[in-house]
Amino acid sequence: LGALDMATGEVVWATSLIELDEPALSESLLRGPIESSEGTILLTMVRSVNRQRLLTVGVVAFDVETGELRWIRQIGSIGVVPWVRRPEATELALIRDGIMYRADRIGVIAAIEIDTGRIHWIRRVERDFAERSRSPEAWGGSRPIMLDDGRLVLLNPDRRRVSIMD
């Protein structure tokens, strides 16, 4: 992960998960689109621990100016069996009023305060794990939508239902 000076093309800062030496990031990969708000870069973190048959999804935040790690939040984990393809764990986020609303393909959605990483709430959404539909194309990600009345609308991870959250 790094930042370039737009005028000169020079590297302003660069880092990797290995360099950070954070236990919560061990065996993790950064996935999906980069979100940026309030001087913070937000990325999805996916950690697959095969020996435990566990897939964990989280969000990691960096300072946009310096690249310093600001916070790490795990938002959900699921057990995985070795003979079934793992669900994708990258979707698009919605940023509204300093809160990141982050849904993913494992079946959780979280509202996280961008400045501090404080979790406002995490909810499970229904997912049919038996459904073996093919993965969406790279451009097929879904982003939660905030209605004028504050309700959140999102496509469920199995892409067969729509959920509305108050």
Query raised in the report: Roughly how far, to the nearest 0.5 Å, is CD1 of I72 from CG of L20?
Result: 7.5 Å

Report task. Compare all side-chain heavy atoms of M165 with those of W121 and state whether any distance is below 4.5 angstrom. Result -> yes

Query raised in the report: Rounded to the nearest 0.5 Å, how far apart are CG of D97 and CE of M146?
Result: 7.5 Å

Query - Main-chain N/O of D115 paired to R70 side chain as donor or acceptor, under 3.5 Å - result: yes

Query raised in the report: Should the heavy atoms of other residues, nucleotides or ligands under 6.0 Å from CD of E22 be counted, would the total exceed 12?
Result: yes

Query raised in the report: So, do I109 and L152 sit near enough that their side-chain heavy atoms are less than 4.5 Å apart?
Result: yes

**Report entry** CG (D5) with more than 12 external heavy atoms under 6.0 Å
**Finding:** yes

Query raised in the report: So F62 and W13, would you call those rings parallel, tilted or perpendicular, with 30° and 60° as cut-offs?
Result: parallel

Query raised in the report: Is M45 linked to L54 within one hydrophobic cluster, defined over Ile, Leu, Val, Met, Phe, Trp and Tyr using a side-chain heavy-atom separation of less than 4.5 Å?
Result: no

**Report entry** Distance, nearest 0.5 Å, that separates OG of S77 from CG of L55
**Finding:** 7.5 Å

Requested in this report: Consider only side-chain heavy atoms of I, L, V, M, F, W and Y, link residues closer than 4.5 Å, and tell whether I78 and I75 are in one cluster.
Outcome: yes

Query raised in the report: With a 4.5 Å limit on heavy-atom distance, are the side chains of T40 and D63 in contact?
Result: no

Report summary line: In this structure, CG of L43 is separated from CG of L17 (nearest 0.5 Å) by 8.5 Å

**Report entry** Cluster link L69 to I41, ILVMFWY, side chain under 4.5 Å
**Finding:** yes

Query raised in the report: Is the backbone N or O of G117 less than 3.5 Å from a side-chain atom of R73, with the two atoms forming a donor-acceptor pair by type?
Result: yes

Report summary line: Here the pair of heavy atoms bringing I99 nearest to A111 is CG2-CB, 3.9 Å

Query raised in the report: Would the number of heavy atoms belonging to other residues, nucleotides or ligands and lying under 6.0 Å from CD1 of I18 be above 12?
Result: no

Query raised in the report: How long is the gap from CD on E10 to CG on L4, to the nearest 0.5 Å?
Result: 10.0 Å

Requested in this report: Answer whether the closest heavy-atom distance between the side chains of L42 and I95 falls below 4.5 Å.
Outcome: yes

Report summary line: Nearest heavy-atom contact between A93 and M100 is CB-CE, 3.6 Å

**Report entry** Close side-chain approach of V57 to V108, heavy-atom, < 4.5 Å
**Finding:** no

Query raised in the report: What about L29 and V60, same hydrophobic cluster or not, with Ile/Leu/Val/Met/Phe/Trp/Tyr joined at side-chain heavy-atom distances under 4.5 Å?
Result: no

Report summary line: All heavy atoms of A14 vs all of E19, minimum pair found to be O-OE1, 4.0 Å

Query raised in the report: Can you tell me how far the CD atom of E68 sits from the OG1 atom of T15, to the nearest 0.5 Å?
Result: 10.0 Å

Report task. Inspect the surroundings of CG in D149 and state if more than 12 heavy atoms from other residues, nucleotides or ligands are less than 6.0 Å away. Result -> yes

**Report entry** Sidechain-backbone polar pair: W71 side chain, I114 backbone, donor-acceptor under 3.5 Å
**Finding:** yes

